[in-house]
Novice: 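So that we are looking at the same thing, I have put the structure below in structure tokens.
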Amino acid sequence: MAPVNKPRVIKDYNKLDKDLQEQIKLVYADGFADNLIHFFDKNGIKVTALPFETEDKYYMLRMTENEAVQIVDEDDDYDDDGFLKDNVKQDYEDKYADLDHVADQISDDED
């Protein structure tokens with residue numbers, strides 16, 4: 001769950017800036033669909049979202065499971081099997097290595 005001290009931001013993935021999208025792809029190198037969570041918004045409507053935490057915000061990126069698959073399918077950074085391409089992953093790791101929130105979230109995958 002989101003730490004209490006960080007504001008929650010509910011946003012659409014395609015409305016994020018490119019750098020944030022790249023950080024999300026690095027954290028979710030194996031695609032988005034298997035990492036979606038469900039919650040109810042303030043109006044009691046069930047929302048499906050991809051969680052992503054930065055130093056100062058906790059993002060909930062609205063997307064359905066079908067949209068999650070489609071985003072990865074249409075993104076040239078991912079291969080045909082839905083995995084982040086090795087060369088792209090390396091580029092993003094080099095670019096965002098100094099960001100603690102990215103390093104903390106990807107280190108779990110590499111153990």
Novice: In terms of the angle between their ring planes, are Phe52 and Tyr59 parallel, tilted or perpendicular, with boundaries placed at 30° and 60°?
Specialist: tilted

Novice: Looking at every non-hydrogen atom in both residues, tell me the closest pair between Leu84 and Tyr78 and how far apart they are.
Specialist: N-CD2, 3.3 Å

Novice: Say whether, by atom type as modelled, one donor and one acceptor occur between the side chain of Lys95 and the main chain of Gln23 under 3.5 angstrom.
Specialist: no

Novice: Test your reading of the model: is there a side-chain donor-acceptor pair from Asp79 to the backbone of Asp81, 3.5 Å cut-off?
Specialist: yes

Novice: Using the rule given for side chain to side chain contact (heavy atoms under 4.5 Å, CB included), can you reason through Ile37 versus Met60, listing the C-alpha separation, both sets of side-chain angles and the distance that settles it, and then say yes or no?
Specialist: CA-CA 9 Å; Ile37 61 169; Met60 303 296 274; 3.1 Å; yes

Novice: Can you name the nearest heavy-atom pair linking Arg62 to Val47, along with the distance?
Specialist: CG-CG1, 3.8 Å

Novice: Should Tyr13 and Val69 be counted in the same cluster of Ile, Leu, Val, Met, Phe, Trp and Tyr side chains packed under 4.5 Å apart?
Specialist: no

Novice: Working to the nearest 0.5 angstrom, can you tell me the gap between Lys25 NZ and Lys85 NZ?
Specialist: 10.5 Å

Novice: Between Asp91 and Glu22, is any pair of side-chain heavy atoms under 4.5 Å apart?
Specialist: no

Novice: To the nearest 0.5 Å, what is the distance between CG on Asn87 and OH on Tyr92?
Specialist: 9.5 Å

Novice: Side chains of Leu50 and Met63: does their closest heavy-atom pair fall under 4.5 Å?
Specialist: yes

Novice: Surrounding CG of Asn43 (heavy atoms of other residues, nucleotides or ligands, distance under 6.0 Å), is the total greater than 12?
Specialist: yes

Novice: Are any of the side-chain heavy atoms of Glu67 and Phe32 separated by less than 4.5 Å?
Specialist: no

Novice: Taking atom CG of Leu61 and atom CD1 of Ile24, what is their separation to the nearest 0.5 Å?
Specialist: 4.5 Å

Novice: Just checking, any donor-acceptor pair under 3.5 angstrom between side chains of Tyr28 and Asp34?
Specialist: no

Novice: When clusters are formed by joining ILVMFWY residues with side-chain heavy atoms under 4.5 Å apart, either directly or through shared neighbours, do Ile10 and Tyr58 land in the same one?
Specialist: yes

Novice: Does CG belonging to Asp86 count more than 12 external heavy atoms closer than 6.0 Å?
Specialist: no

Novice: Is there side-chain contact between Leu20 and Thr54, with heavy atoms separated by less than 4.5 Å?
Specialist: yes

Novice: Would you say Leu36 and Val9 are hydrophobically clustered, going by side-chain heavy atoms of ILVMFWY under 4.5 Å?
Specialist: yes

Novice: Check each of Asp77, Leu26, Asp94 against Lys89 using the side-chain contact (heavy atoms from CB on, under 4.5 Å) test, and report the only one that passes.
Specialist: Leu26

Novice: If you look at every heavy atom in Val72 and Gly31, which pair is closest and at what distance?
Specialist: CG2-CA, 4.0 Å

Novice: Any chance you could lay out the side chain to side chain contact (heavy atoms under 4.5 Å, CB included) test for Asn14 and Ile71, step after step, and finish with the verdict?
Specialist: CA-CA 9 Å; Asn14 59 2; Ile71 289 168; over 6 Å; no

Novice: Spell out, as yes or no, whether a donor-acceptor pair under 3.5 Å connects the side chain of Asp17 to the backbone of Asp19.
Specialist: yes

